[in-house]
Amino acid sequence: MLSYFLRRLILVLPVAFGVSVICFLLVQIAPGDPLTAIMPVDATAEEQAAMRAAYGLDKPLPVQYGIWIANLAQGDMGRSIATGRPVAGEVFGAVQNSLLLAISAAVIAFPIGIFLGFLAGYFRDKPLDRVVTAISIAGVSVPNYWLGIVLVIIFSVSLGWLPSMGAGPGGSQDWAWDWLHMRHLILPAVTLAVVPIGIVARTVRALSGDILTMDFVQALYAKGMSRLDVLAHVARNAAATALSVMGLQLGYLLGGSILIETVFNWPGSGFLLSNAIFQRDLPLLQGTILVLALFFVAMNLIVDVVQAAIDPRIKRN
Amino acid sequence: MALVETSGLGGITTAHSGYWSGVARRLVRDPVTMICLTILVLLILSAIFAPWLGLADPHKGSMIARLKPIGTEGHLLGTDEQGRDMLARLIYGGRLTLFIGLMPVVLAFFIGSVLGIIAGYAGGLTNTIIMRTVDVFFAFPSVLLAIAISGALGAGIVNSLVSLTIVFIPPITRVAEAVTSGVRALDYIDAARASGAKALTVIRVHVIGNVLSPIFVYATSLTSVCMILAAGLSFLGIGVRPPEPEWGLMLNTLRSAIYVDPWLSALPGLMIFVTSLCLNLLSDGVRSAMNVRD
């Protein structure tokens, strides 16, 4: 098991390197001078050159990349151009909020998706299957930022049941596990859950439908096993693949919540990202994307290892 | 000799058209797919011919006619926050929305197919370089990658096209590579190579015909996501710039109106939803019509 983990880890390193290169290049493809935002309008050529040297922008690109990576290794992601605060602190605070939202959405989506998918797989080509299939197609087709707005219209504007903005009363950013805060979580989490419900249901439907037609299921019935016990066998067979899909979905939820966070003013990484974009705060943009992408890479690694731990067939391949 | 060859080719041609007419027959018999196709064709035609439909000017606002509700006299679907006719803006909005929503997949289909076929056919170092680069892009969730590139490049139609094309090249390349290396391992490729055909000739004559339709089917399944992402970029303010009518951008600017006229402000999003739903169902329909085993 450990050797499998180490082998996978070694495969991840070049990907992580590539991710860091892309994040580094993001700032390079941005039009305009990254320093214009903080440079005084009447700066002389010498002052500009001094500033450029101070930020290391006068060195060749590979050297700049080396310096950036070396700082990164020490947890230094540079300073936000807009606020002057260290990027690392801002990003990790925001990522915690995003993680809270992503995990809440996963807690809603995965059980519902599994249940619906199992129903559809069990009653394949029956009316129930068609209903579930329709739900999952609608789930993956809906632009979730629009769904968020529709839910706000229904539950905030029309019914007045739930708040539509922020992560706590009065726009507070400090999370607490009480009703006053948790009611802020409901609408964004439900909105974010819709796409993974569709994807998980679709996956589990295909998996359980296929497994149910396999010979061993017939054999289990033939030896007199009860329906419920047979389903437990089916579930175990489907678990590894289903878990890997869900693990990736959790990664997507974190990286893909940007639009939803914007709709609900949720103070997470997506919200930070859109602020960074509009203030042309490139170090902050770079740092946020790097952290989210590396989280996704780590998630992939965890999924692979867990999958291999559950299903010995995978390790053998 | 020539006669034999021609008749041989003739046989192949018949089998070929037989397959495609079978696909067409199955498609026509599938009501859901046909309804979706009809809706999409109507949306595209109305977007193309918008100037000749006798609509109001989508750019002309009116201070006194702002946020008129759906069903107002002279404004069938009401007016937006600047008093512009919603029906006109929704139909004109289809132009940019559909263009930016579909074009990246078309571009990525060509670029990704070329890269994937090269990687799959050449194998070895070429394959490693192309596919490991593709792996790196897979480390980004598609939404994140699109927003990262668009965010860095800034708003604009060309920038949106560029960032979305970059997002969809890696998945298409991966599928193209997998299909091509499958075909590459078949005996008739070896036979063609043994007969002295050059790599380009083998690819042109023997490979492309066998790999393009699976790649194409896969690409169609990406159109719905691309549509949602493209409108999402405009919704975030890093896609199409105002005052151009575009569904994502309209959804964004109308958000301020949800307390005044909630359902009016939800209309542009409904258009995105219907389009992406039809694209998904159409793609499913084409897939099952083309793949007899399914």
Side-chain angles (χ1 to χ4, degrees), chain A residues 11-12 14-19 21-23 25-32 133 137-138 140-147 149-150 152-154 156-158 164 195 248 251-259 262-263 270 273-274 276-278 280 282 285-286 288-289 292-294 296-297 300, chain B residues 32 132-156 159 162-163 224-225 227-229 231-233 235-238 247-248 251-252 254-255 258-260 262-263 265-281 284:
Chain A
L11 287 178
V12 160
V15 173
F17 168 72
V19 166
V21 171
I22 291 179
C23 288
L25 290 177
L26 273 182
V27 172
Q28 313 301 325
I29 62 167
T133 306
I137 289 183
V140 296
S141 304
V142 72
N144 55 10
Y145 42 94
W146 172 69
L147 184 71
I149 293 175
V150 171
V152 165
I153 289 172
I154 297 173
S156 303
V157 178
S158 301
S164 62
V195 174
L248 292 186
Y252 280 122
L253 283 176
L254 189 69
S257 61
I258 303 163
L259 288 150
T262 309
V263 170
L273 203 54
S274 65
I277 289 169
F278 290 110
R280 303 291 313 151
L282 294 170
L285 175 82
Q286 192 178 38
T288 314
I289 287 167
L292 291 178
L294 288 183
F296 194 56
V297 173
N300 269 312
Chain B
V32 177
R132 291 299 82 80
T133 311
V134 162
D135 283 348
V136 171
F137 282 91
F138 266 89
F140 294 87
S142 52
V143 188
L144 187 65
L145 188 59
I147 291 173
I149 302 173
S150 278
L153 289 175
N159 289 350
V162 169
S163 82
S224 148
V225 180
M227 186 79 212
I228 294 176
L229 273 183
L233 289 179
F235 177 73
L236 278 179
I238 47 177
W247 296 337
L251 189 63
N252 182 5
L254 279 166
R255 271 178 72 202
I258 59 171
Y259 286 93
V260 184
W263 298 113
S265 59
L267 274 179
L270 186 65
M271 299 294 284
I272 306 170
F273 181 38
V274 169
T275 312
S276 111
L277 189 65
C278 287
L279 287 170
N280 251 334
L281 289 168
D284 283 357

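Only heavy atoms go into these numbers, but all of them, side chains included; no hydrogens, no water, no symmetry mates.
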Heavy-atom distance under 4.5 Å to chain A: side chain of [X], backbone, both or neither?
X: Phe235(B); result: side chain
X: Ser265(B); result: side chain
X: Asp284(B); result: side chain
X: Ala146(B); result: neither

When you compare the side chain of [Y] with that of [X], does any pair of heavy atoms fall below 4.5 Å?
X: Phe140(B); Y: Ile22(A); result: yes
X: Val150(A); Y: Leu270(B); result: no
X: Ile29(A); Y: Ile149(B); result: yes
X: Pro143(A); Y: Leu251(B); result: no
X: Leu144(B); Y: Tyr252(A); result: no

N/O donor-acceptor pair under 3.5 Å between Tyr145(A) side chain and Ile228(B) backbone:
yes

Counting only N and O atoms by type, is there a donor-acceptor contact under 3.5 Å from the side chain of Arg255(B) to the main-chain atoms of Ile149(A)?
no

For Leu236(B) and Phe278(A) the tightest heavy-atom approach is O-CZ, 2.9 Å

Quick check: closest heavy atoms across Val297(A) and Ala139(B), and the distance to 0.1 Å?
CG2-CB, 3.5 Å

Quick check on [X] against chain B: is it the side chain, the backbone, both or neither that has a heavy atom closer than 4.5 Å?
X: Leu273(A); answer: side chain
X: Val263(A); answer: both
X: Val21(A); answer: neither

Contact leader toward chain A among Cys278(B), Ala231(B), Gly248(B), Pro268(B), where contacts are heavy-atom pairs under 4.5 Å
Ala231(B)

Look up atom CD1 in Ile277(A) and atom CD1 in Ile147(B), then write down how far apart they are to the nearest 0.5 Å.
6.5 Å

